[in-house]
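A, B, ... follow the sequence lines: proteins, then strands. Residue 1 opens every chain.
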Amino acid sequence: MKRILPKRFDPRPVEERWYSYWEEQELFHADVNSPLPPYSIVIPPPNVTGSLHMGHALNNTLQDICVRYKRMDGYNVLWMPGTDHAGIATQNVVERQLAQEGLSRQDLGREAFLKRVWEWKEKYGGLIIHQLKRLGASCDWSRERFTMDEGLSRAVRVVFVRLYQEGLIYKGDYIINWCPRCTTALSDLEVVHEEHDSSLYYIRYPLLDRGGFVTVATTRPETMLGDTAVAVNPDDPRFHHLVGKQCRLPLMNRILPIIADSYVQADFGTGALKITPAHDPNDFEIGLRHGLEKIRVIDDRGRMNENAGRFSGLDRDQCRKEVLQALEQEGLLERVEPYRHMVGHCQRCRTVIEPTVSKQWFVRVKPLADEAIRAVKEGRTRIIPKKWENDYFAWMEGIRDWCISRQIWWGHRIPAWYCSRCGEMTVAEEEPQQCTSCGGEQLQQESDVLDTWFSSALWPFSTMGWPERTRELEIFYPTSLLVTGFDILTFWVARMLMMGLKFMGDVPFRDVYIHALVRDIEGRKMSKSLGNVIDPLEMIERYGADAFRFALAAFAAQGRDIKLSTERIEGYRNFMNKLWNAARFVLMNLDEEHPEQDLSPLSKRSLADRWILSRLARTVEAVRKALDEYRFNDAAGAIYQFLWHEYCDWYLEWIKLDLYSPRVPEDRQRAQAVMLHVLTTVVQLLHPFTPFITEEIWQALPHTQDSVMKSRFPVPRAEDFDPEAEKEIRWVQQVIVGIRNLRAEVHVPPSTRVDVVVIPTPETLELFRAHAEVIRALARIEELVIDPNAPRPKKAVYAISENAEIHLPLVGVVDLKREQERLEKEIQETQRELSQNHRKLANPDFVQKAPQEIVRKVRSRKEQLEDRLERLQEGLRRIRAAMDS
RNA sequence: GGGCGGAUAGCUCAGUGGGAAGAGCGCUGGCCUUACAAGCCAGAGGUCACAGGUUCAAUCCCUGUUCCGCCUACCA
């Protein structure tokens, strides 16, 4: 049954139809009983709160390309999908919702609040999954996971308990990053630094027992209320006499020791540093070294607490103002300098971070990190592009303990229970019945939950059923590939490596492909506040998922960010339409009885067939190679170039002769078979990039498999490579372009047939004769004279092309002046290149030292140019003669 | 402060183990040439950031400079 396609490709209905078809046929499903070799990817789980942004779109398009490629290439593919509970982000969303009802989470209480979050998750949490489907992602949805699922939660507890028992998790008082808005601790990675214009304040601390001051410089005067020392560098002679002495803390009247610590930079500020161990990470360290008291003056909400004396109750910003005012009044504010520096902010809510001492849980990362470093060094996991390995090593080598406790409610609650009788702590996978030290039965669970990344770190094996020993783990772990952005290389990738090695005894993935960031056209990060976000769903609506995906792949060059604009997506929409119309053409030119798919024997192929099949084989080879190396843009580019500029622009035009007016019926059948074979192959090549349109075309074409997904990814056939055919066709193409060029020069429209006289050299005579017909057709020639002895037409435009003179005689008036200028220009260019070649060949060093092959090339080029020059000059002479007459 | 990356056509970007510079978009001219005007044909446009060096030969390798990004850091 022959189907005629509409002139334009309409993506919407096609996308819906085929996605549900694939799902119904369970084509995304990975079968643990398959005999095929496994290939697996776990999705970087998007936040449940999230909706699809460009980063997701790129990330998942690339994964889908890999996964669809491998599936067609004969692998048993598992693409494991799921979402992340995103502790702080999700809690914030629901809290905002509550706030509109005038409620806080404390009003509800922990249990009711969590119920609320779950409700929210059920209702809105699936959004991004639907969006991924719109994009065409071929995840195994039957295996979808959520980090708070019962199974995954159990994995979290098992890991926690084991790490605790091995002493790799501990609890203690340390300085951490505190967000006073989210009221929780944050890991170092969740703090983003931004440059601020602020001031450096010079404050006098009066010396005890003698007159004078020691002046310290600070950017945060409000923290002075918690100062417990002043420090100077031990090698700073200016302060030798003060070390060991004391000073008085203004406003608080506390006596502070003056200590010596080499951390202090003598050349910064005054060389004297105020020490606030409870509110500065460095001061904290110094405090430990010197046994200083840690006085917290700022509470969980960023207000001054009871230790702040008369400032207690003030907000920390307000406090700063009042402290400065008070100092001024006492004459202790020496001066204020403008100062620009980096200030830490909460990644989630942008609030300025308050470093604070508090009781938190930590992972002792060093021993885990050492293993993870080794795995990459030994190549058990490859990071691609390789340059990211440096970032990875740098971060892993300087790694600090990981603060994993969060003072929020939404997340995996830390499996530790405190006995109300003896106060001892019991850590266990399941809630204990009684205290392990005193047997008491009044137990209270730790209220903190774990950092979301703690559960994400287990994702490659927790999703596959760990700690059970499942078939999935056996087959699909380690996974083959992880695709992610560099922004979470340290957050997530490094941690998965550590946990995978620790608990599975092997790396979680063989390859890590790090892709670029998607930016706007000016190279800025897309952000809501800048208003420069391009919504992927909108792009899919407007241009279709295929065009959008292809655009992303085409721009995904390694090592460079993607600057995306809608115009560029539009360009690839046009490409989709080109493919569509090629298919339309093929279908229109097939007979009811469709031709043998099995191509005719090599001996029966026409030159054009040999050429297109050779080009196709090269394209297949290039695409496979590029995909194997994660060079998505090269793969996309190779297909684009081949389909549009070789298959459509040349081959289809070429075979119109055979299709419309075959000399023998076999010519038509042969052309049909080849054009169909090539199109089918391109559709298969393209399927991983543009799944919808290729399925639609596949179904319209004669096909044996009931989905293009089930067909075998093309393999280049050795017998198709045909350099001779490529060379010969290249020659014909250049002749045709030469003639078209002349036509364009004198503005002959395509509809007008012209006569052409070719005067070939002896070498090219036969070639011209062999291809006369196609030259006539593609250059739109009425009469083509090929004769070495033909008289040169009187009034004609003229070109030298591929060892022949080509004359295009004109009936009307030729603009001789213009012709003269054109030839003169061409002569000039030829001379310039020729003299370059002369220079090279005149240089004995070149002839001696350059490889013979190069020298030969230059020589033959020189001869060619000389011949060309001669003929051009001859042409010019004739023009001049004609002008004179 | 340290580290990394970039600088190639008007724009966005490929590219090369050193041996006549590429694409897409845009632009110019001509076309409804029976698959496609989301198209066809042809064309213009580049001291490959700057200065040195290595080489017979440098856009490519080396050194330095300038500009632009990003990451990172405990100078308060």
Taking only N and O in the side chain of [X], is any of them less than 4.0 Å away from OP1 or OP2 of [N]?
| X | N | result |
| --- | --- | --- |
| A/H645 | B/rG22 | no |
| A/R8 | B/rA38 | yes |
| A/Y640 | B/rA14 | no |
| A/W644 | B/rC40 | yes |
| A/R780 | B/rU33 | no |

Practice task
Using distance alone, with no hydrogens and no angle criterion, decide if A/K862 and A/S860 have a side-chain donor and acceptor under 3.5 Å apart.
Solution key: no
Exercise for the section: Would you kindly say whether A/Q672 and A/D591 are connected by a side-chain donor-acceptor distance under 3.5 Å? Expected result: yes
Practice task
Give a yes/no verdict on a cation-pi contact between A/R776 and A/W654, requiring under 6.0 Å between NZ or CZ and the six-membered ring centre and an angle within 45° of the axis.
Solution key: no
Handout entry: Beyond-backbone contact of A/I203 with A/T215, side-chain heavy atoms, under 4.5 angstrom
Key = no
Can you confirm if the aromatic rings of [Y] and [X] lie within a centre distance of less than 6.0 Å?
| X | Y | result |
| --- | --- | --- |
| A/W388 | A/Y392 | no |
| A/Y205 | A/F213 | no |
| A/F548 | A/Y543 | no |
| A/F555 | A/F632 | no |

Practice task
Write out the stems for RNA chain B, ordered by first number and formatted as range with range, counting runs of at least 3 consecutive Watson-Crick or G-U wobble pairs under 3.5 Å.
Solution key: B:1-7 with B:66-72, B:10-13 with B:22-25, B:27-31 with B:39-43, B:49-53 with B:61-65
Just the atom pairs and distances: protein N or O near nucleotides 53-55 of chain B's N or O, under 3.5 Å.
none

Using atom [atom1] of each nucleotide, how far apart are [N] and [M] to the nearest Å?
| N | M | atom1 | value |
| --- | --- | --- | --- |
| B/rA49 | B/rC40 | P | 33 Å |
| B/rG46 | B/rC41 | P | 25 Å |
| B/rC67 | B/rA14 | P | 24 Å |

Handout entry: Side-chain donor/acceptor contact of A/K578 with base of B/rC36 under 3.5 Å
Key = yes
Handout entry: Touch class at under 4.0 angstrom, heavy-atom based, for A/Y572 against every strand present
Key = nothing
Problem - Among B/rA35, B/rG43, B/rG19, the nucleotide that comes nearest once only the side chain of A/I854 is considered - result: B/rG19
Handout entry: Selection from B/rC56, B/rA14, B/rA76 that lies nearest to any side-chain heavy atom of A/F846
Key = B/rC56
Handout entry: From A/R316, A/K274, A/E354, A/R320, residue fulfilling side-chain hydrogen bond (donor to acceptor under 3.5 Å, both in side chains) relative to A/T223
Key = A/K274
Problem - Of A/N843 and A/E829, the one whose closest RNA chain B nucleotide lies more 5' - result: A/E829
